[in-house]
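For reference, the structure is listed below as structure tokens.
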There are 2 protein chains.
Amino acid sequence: MSRASERTREALIEAATLVFAEKGYEGGSIRDITRKAGANQAAVTYHFGGKEGLYREVLRTAFKALKESNVLDPDNLDSLQATEALRLFVRQMLLPLLKRSVLARYIKILNWEILQRTDMFQDVAITENASLLSSAERLARRFMGERASEEDVAVATLWLLHQGFIFVRDYEYLSRPPHNLKVDEAFVERLADFLTRLLASGLTGVRP
Amino acid sequence: MSRASERTREALIEAATLVFAEKGYEGGSIRDITRKAGANQAAVTYHFGGKEGLYREVLRTAFKALKESNVLDPDNLDSLQATEALRLFVRQMLLPLLKRSVLARYIKILNWEILQRTDMFQDVAITENASLLSSAERLARRFMGERASEEDVAVATLWLLHQGFIFVRDYEYLSRPPHNLKVDEAFVERLADFLTRLLASGLTGVRP
DNA sequence: TTGGAAATCATACGGATGTTTTAATTGAGG
DNA sequence: CCTCAATTAAAACATCCGTATGATTTCCAA
């Protein structure tokens with residue numbers, strides 16, 4: 001594989017990350033991606049076997065990056081005080097609100113997967129051992145205590161996973177009338193705080 | 001308008017309700033709908049002026065039915081004790097988990113609108129005076145008290161709206177390994193209970 | 001019974017999508 | 001320098017979509 005070939009390969013992945021983050025898997029088109037990457041349509045089939053293969057590669061990259069970012073690493077979260085870990089988790093999920101981070105795009109893709117799960121996601125999530133889920137589950141367990149039933153933990157985990165995504169998806173709704181919220185760093189900080197207290201109180205409060 | 005004509009019109013609306021509930025507005029195709037309704041493709045344009053018109057009619061029907069069922073009626077919720085109102089709200093939003101009810105399909109469509117808001121939804125929501133949002137906002141306010149800031153209320157309202165939808169969307173995820181939850185009436189009842197306590201505790205707990 | 005509007009029908013249209021084909025170009029090893 | 005496989009390129013292909021068209025049938029009032 002030559003240098004130039006490697007370059008188009010990476011350009012495709014980068015462009016695809018952008019497009020898939022913005023429009024989701026189904027909504028993102030090959031034509032759009034290849035135009036952004038300055039590559040030919042056929043290059044996708046050639047390098048990745050098709051749209052699915054390209055997306056799979058994007059997912060792989062995303063999981064790897066999130067894992068290496070350490071923020072969502074379950075062991076890392078375990079070492080923190082429960083509420084602090086929860087706050088970190090929440091803040092990470094709110095990152096796309098501030099568009100700067102590279103990770104934001106990956107989390108946006110994960111959010112799309114919450115909307116409409118693809119087959120590829122299941123595969124990659126298993127092979128790459130997505131720590132997101134296990135982080136959420138461990139967090140839920142810590143707040144709910146040992147005596148919580150498996151059903152309750154499953155429900156709470158699923159619940160926890162969605163809490164950040166809500167605001168990422170609807171941040172435009174918040175920033176328009178009638179709410180007119182200014183979505184800046186200060187807001188995200190306040191929101192993370194708000195959510196952390198809300199979630200912590202919600203998770204611990206459910207015990208009879 | 002003849003009797004037979006009325007029948008195809010209603011068959012189209014019914015089929016469209018089914019399809020849109022399952023695949024959303026964009027994902028639901030005219031060909032699929034007309035096949036299910038036993039009607040011709042052109043019938044959609046003839047009776048409703050196009051896909052948008054058909055969807056608008058489905059939304060109108062949905063809002064009317066939900067209103068009559070008291071789920072979206074804020075005044076009705078106001079007349080109940082706060083936690084009871086919250087429980088009712090939550091239970092109705094979980095309806096799609098039990099496939100029996102007709103309302104279940106309508107709520108599924110509302111859930112799609114949470115994911116990807118259509119222009120039609122805005123229009124119909126206003127003209128039909130559908131107050132899902134205002135129901136949620138009033139609920140949030142009751143739990144958070146008078147001293148909560150507008151920002152907090154806006155955030156909490158948006159948050160509340162999503163709580164039921166999470167589980168409807170990931171129904172399949174819960175019922176498959178590793179969780180294997182049996183999603184029956186008893187489960188929905190437990191889930192509604194769980195969520196109600198969780199939300200109530202979360203919403204009240206945020207006050208400093 | 002019949003004329004004309006209402007309703008249905010099969011089918012075509014224009015545009016989008018992902019994929020395939022076939023030819024040209026590139027670039028490294030002999 | 002030449003060769004040949006790897007890579008890129010442009011265009012065609014097959015399939016979906018929502019809509020439009022024009023012919024045909026159905027229906028009801030005159």
Side-chain angles (χ1 to χ4, degrees), chain A residues 1-59 109 112 115-121 123-124, chain B residues 1-59 109 112 115-121 123-124:
Chain A
M1 187 184 291
S2 76
R3 201 29 161 266
S5 164
E6 184 69 23
R7 217 174 328 112
T8 56
R9 217 189 108 93
E10 273 163 17
L12 279 174
I13 292 182
E14 176 156 342
T17 304
L18 214 80
V19 171
F20 286 140
E22 217 51 49
K23 313 234 180 175
Y25 172 69
E26 297 211 350
S29 84
I30 294 293
R31 282 174 171 83
D32 193 9
I33 292 170
T34 51
R35 194 171 352 99
K36 274 192 174 60
N40 191 270
Q41 287 182 43
V44 171
T45 308
Y46 180 79
H47 283 284
F48 304 97
K51 189 186 185 183
E52 286 196 8
L54 175 55
Y55 185 64
R56 183 172 263 110
E57 210 52 41
V58 170
L59 282 181
I109 290 180
W112 275 102
L115 301 182
Q116 296 189 292
R117 192 100 64 220
T118 66
D119 295 339
M120 287 77 78
F121 184 81
D123 299 350
V124 178
Chain B
M1 187 182 291
S2 75
R3 211 27 155 302
S5 163
E6 185 67 24
R7 217 175 327 114
T8 57
R9 218 188 106 92
E10 273 163 15
L12 279 174
I13 292 181
E14 176 155 342
T17 304
L18 211 81
V19 171
F20 286 140
E22 216 52 49
K23 314 232 180 175
Y25 173 68
E26 297 210 349
S29 83
I30 295 293
R31 282 173 171 83
D32 192 9
I33 291 170
T34 49
R35 195 171 349 101
K36 274 193 174 59
N40 192 273
Q41 285 182 44
V44 171
T45 307
Y46 181 79
H47 284 284
F48 304 97
K51 189 186 185 183
E52 286 196 7
L54 175 55
Y55 184 63
R56 183 172 262 111
E57 210 51 42
V58 170
L59 282 181
I109 291 180
W112 275 104
L115 300 184
Q116 300 188 290
R117 188 103 63 221
T118 66
D119 295 338
M120 286 78 78
F121 185 81
D123 299 349
V124 178

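Reminder, nothing fancy here: chain letters follow the sequence lines and each chain counts from 1.
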### Task
State whether A:F20 and A:K51 meet the cation-pi test: NZ (Lys) or CZ (Arg) under 6.0 Å from the six-membered ring centroid, and within 45° of the perpendicular axis.
no
### Task
Measure from CG on A:D32 to C1' on C:dG15 and round the result to the nearest Å.
16 Å
#### Entry: B:S29 vs D:dC17: side-chain N/O to OP1/OP2 distance below 4.0 Å
yes
### Message
Expressed as a whole number of angstroms, how long is the span from A:E52:CD to C:dT17:P?
### Response
17 Å
### side-chain contact (heavy atoms from CB on, under 4.5 Å) between B:F48 and B:R56, intermediate numbers included
CA-CA 9 Å; B:F48 304 97; B:R56 183 172 262 111; over 6 Å; no
### Query
Distance from B:M120 atom CE to B:L54 atom CG, nearest 0.5 Å?
10.0 Å
### Task
Just call it for A:G28: base, sugar-phosphate, or nothing, with non-hydrogen atoms closer than 4.0 Å on any strand.
sugar-phosphate
### Message
Between A:E57 and A:R9, does the side-chain contact (heavy atoms from CB on, under 4.5 Å) criterion hold? Intermediate values first, please.
### Response
CA-CA 10 Å; A:E57 210 52 41; A:R9 217 189 108 93; 3.9 Å; yes
### Query
Just one of B:L12, B:I13, B:V58 clears the side chain to side chain contact (heavy atoms under 4.5 Å, CB included) bar with B:I33, so which one?
B:L12
### Query
Taking everything shown except A:Q41 itself, do over 12 heavy atoms lie less than 6.0 Å from its CD?
yes
### Message
So does B:A21 get a backbone contact from the side chain of B:W112, meaning a donor-acceptor N/O pair under 3.5 Å?
### Response
yes
### Query
In whole angstroms, how far is the P atom of C:dT8 from the CZ atom of B:F48?
11 Å
### Message
For A:I109 and A:Y55: C-alpha separation, side-chain torsions, deciding distance, then whether side-chain contact (heavy atoms from CB on, under 4.5 Å) applies.
### Response
CA-CA 10 Å; A:I109 290 180; A:Y55 185 64; 3.8 Å; yes
### Straight-line distance of B:T8 OG1 to B:H47 NE2, nearest 0.5 Å
3.5 Å
### Query
Where along residues 10-27 of chain B does a heavy atom come under 4.0 Å from DNA chain C, residue by residue in number order?
none
### Task
In whole angstrom, give the distance that lies between atom CZ of B:R9 and atom P of C:dT8.
11 Å
### Query
Would you say C:dA6 has OP1 or OP2 under 4.0 Å from some side-chain N or O of B:H47?
no
### Summary
B:Y46 has its side chain closest, among D:dC17, D:dA20, C:dA7, to C:dA7
### Message
Once you apply a heavy-atom cut-off of 4.0 Å, does A:T45 come out as touching a base, just sugar-phosphate, or nothing?
### Response
base
### Message
Whole angstroms only, please: what is the NZ-P distance between B:K51 and D:dG18?
### Response
4 Å
Between the protein and nucleotides 10-12 of chain C, are there any N/O to N/O pairs under 3.5 Å, and if so, what are the atom names and distances?
residue	atom	partner	partner atom	Å
C:dA10	N7	B:N40	ND2	3.2

